[in-house]
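A short worksheet on the structure shown next.
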Amino acid sequence: MKIATYNVNGVNGRLPVLLRWLEETQPDVVCLQELKAPQEKFPEQAILDAGYNAIWHGQKSWNGVAILSRNLPIQELKRGLPGDPEDEHSRYIEALVNGVVIGCLYLPNGNPAPGPKFDYKLSWFERLITHASGLLAKDIPVILTGDYNVIPTEIDVYKPERWLEDALFRPETRIAFKTLVDQGWTDAIRKLHPHEKVYTFYDYFRNAYGRDAGLRIDHFLLSPKIDKRLIAAGVDRNVRGWEKTSDHCPVWIELTDE
DNA sequence: ATGCCGGGCACCGCCCGA
């Protein structure tokens with residue numbers, strides 16, 4: 001089973017790129033972030049025509065997450081991250097697909113830091129840590145994937161010294177990510193590529209992609225009940241070079257069947 | 001060193017992303 005995550009940065013503006021990538025790579029399950037579309041503007045028909053079922057949680061202008069599946073039913077489990085009924089952002093959707101709980105998340109950016117946006121990031125992170133702990137306690141196969149907006153370590157950024165004060169790389173952010181992973185999750189990309197430079201995001205400006213000046217901020221965390229099934233993981237870096245492309249690359253993992 | 005690019009929305013610029 002191949003599972004991918006892709007921050008599309010606008011699902012409608014990105015539709016030709018998304019459809020081409022789906023056609024070329026045929027993942028079984030896809031988690032999308034930054035739909036930037038209200039619930040009723042999700043391009044459901046185009047996704048269905050491409051051979052994918054979908055559930056999604058839209059929002060006008062910002063955020064928005066979706067889970068797509070080819071040939072496998074999607075049983076929605078959660079819409080919105082538990083822990084704060086006041087939080088209106090569409091940043092989390094969770095479903096059972098092929099016996100695996102898939103959590104698709106778009107963690108807040110948090111800049112500028114410090115400030116209220118950074119506080120929101122850290123509180124959202126705390127809620128994710130709490131929810132993830134509950135999922136682990138169930139002792140079932142779980143994948144938490146998406147745009148974490150976290151640069152976990154120095155090897156995950158082209159020039160770490162420039163990012164020390166940034167919300168993606170500040171100590172509080174890295175500590176929160178480590179706290180989450182240390183619950184027992186496996187960072188799939190790092191597990192299979194322990195020392196390699198792996199980037200999943202490139203700024204649109206300053207020719208970041210051409211200079212390979214990237215960040216690794218899109219992650220797959222696997223629960224102990226599924227981490228032994230991991231056989232491959234990678235980044236579709238070339239997609240970042242397409243016309244009208246997202247600033248993120250698709251990232252994917254492959255699991256053995258059961 | 002820097003929203004320098006790009007999407008959405010609402011208008012003809014502004015907010016936001018990382």
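Any value given below was found using the heavy atoms of this structure, including those in side chains, with hydrogens, waters and symmetry copies removed. Each chain gets a letter, A, B and so on, in the order the sequences are listed, and its residues count up from 1.
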*Would Glu94(A) and His131(A) satisfy side-chain hydrogen bond (donor to acceptor under 3.5 Å, both in side chains), going step by step from the backbone distance to the final call?*
CA-CA 11 Å; Glu94(A) 183 181 288; His131(A) 183 58; 2.7 Å; yes
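- One interatomic measurement links the two molecules: CG of Asn63(A) to P of dC15(B), which rounds to 18 Å at whole-angstrom precision.
- With a 4.5 Å cut-off on side-chain heavy atoms, Trp21(A) and Val30(A) count as touching.
- Residue Pro38(A) has its side chain nearest to dC9(B) when only dG6(B), dC9(B), dG17(B) are considered.
- In this structure, the side chains of Cys249(A) and Tyr209(A) stay at 4.5 Å or more apart for every pair of heavy atoms.
- Between the P atom of dC9(B) and the CG atom of Asn9(A) lies a distance of 12 Å, rounded to the nearest Å.
- Distance noted for atom P between dC4(B) and dC14(B): 13 Å (whole Å).
- The P atoms of dC16(B) and dC11(B) are separated by 16 Å, rounded to the nearest whole Å.
- The side chain of Lys60(A) places an N or O atom within less than 4.0 Å of a non-bridging phosphate oxygen (OP1 or OP2) of dA10(B).
- Nucleotide dC4(B) has no partner under the Watson-Crick or G-U criteria, as no pair reaches both atom distances under 3.5 Å.
- Backbone-only contact: Tyr106(A) has heavy atoms under 4.0 Å from sugar-phosphate atoms and none from a base.
- Comparing the C1' positions of dA10(B) and dC15(B) gives a spacing of 11 Å, expressed to the nearest Å.
- Considering only side-chain atoms of Glu34(A), the nucleotide from dG17(B), dG7(B), dC9(B) that sits closest is dG17(B).
- An OP1 or OP2 oxygen of dT2(B) is reached within less than 4.0 angstrom by no side-chain nitrogen or oxygen of Arg206(A).
- Between the CG atom of Asp203(A) and the C1' atom of dC16(B) there is a distance of 14 Å, given to the nearest Å.
- Heavy atoms from other residues, nucleotides or ligands lying under 6.0 Å from NZ of Lys225(A) number 12 at most.
- Taking the side chain of Phe205(A) as heavy atoms from C-beta on, and the options dG6(B), dG17(B), dC4(B), the nearest nucleotide is dC4(B).
- For the pair Asn12(A) and Pro112(A), both in contact range of DNA chain B, the more 5′-proximal nearest nucleotide belongs to Asn12(A).
- Under the Watson-Crick or G-U wobble criterion, with both distances below 3.5 Å, dA10(B) has no partner in any strand shown.
- Rounded to whole Å, atom P of dG3(B) lies 14 Å from atom NZ of Lys117(A).
- Residue Arg162(A) places at least one side-chain N or O under 4.0 Å from the OP1 or OP2 atom of dA1(B).
- Separating the CG atom of Leu15(A) from the P atom of dG6(B) is a distance of 19 Å, rounded to the nearest angstrom.
- Of the candidate nucleotides dG17(B), dT2(B), dG8(B), dG8(B) has the atom nearest to the side chain of Ser61(A).
- Contact annotation: Lys36(A) does not reach the phosphate of dC16(B) (side-chain N/O to OP1 or OP2, under 4.0 Å).
- Atom CG in Asn7(A) sits roughly 12 Å away from atom P in dG8(B) (whole-Å rounding).
- In this structure, the side chain of His193(A) engages the main chain of Ala233(A) through a donor-acceptor pair within 3.5 Å.
- Among dT2(B), dG17(B), dC16(B), the nucleotide with an atom closest to any side-chain atom of Trp62(A) is dC16(B).
- Within a 6.0 Å sphere centred on CD of Gln39(A), heavy atoms belonging to other residues, nucleotides or ligands number more than 12.
- If you take OH of Tyr204(A) and C1' of dC16(B), they are 13 Å apart, rounded to a whole angstrom.
- Nucleotide dG6(B) holds its P atom 17 Å from the OH atom of Tyr202(A), rounded to whole Å.
- Looking at heavy-atom distances under 4.0 Å, Asp147(A) makes contact with sugar-phosphate atoms alone, never a base.
- Separation of the C1' atoms belonging to dG13(B) and dA1(B) is 25 Å when rounded to the nearest angstrom.
- In this model, the phosphate group of dG8(B) is not approached by any side-chain N or O of Lys41(A) to a distance below 4.0 Å at OP1 or OP2.
- Between the side chain of Asp156(A) and the main chain of Thr153(A), a donor-acceptor pair closer than 3.5 Å is present.
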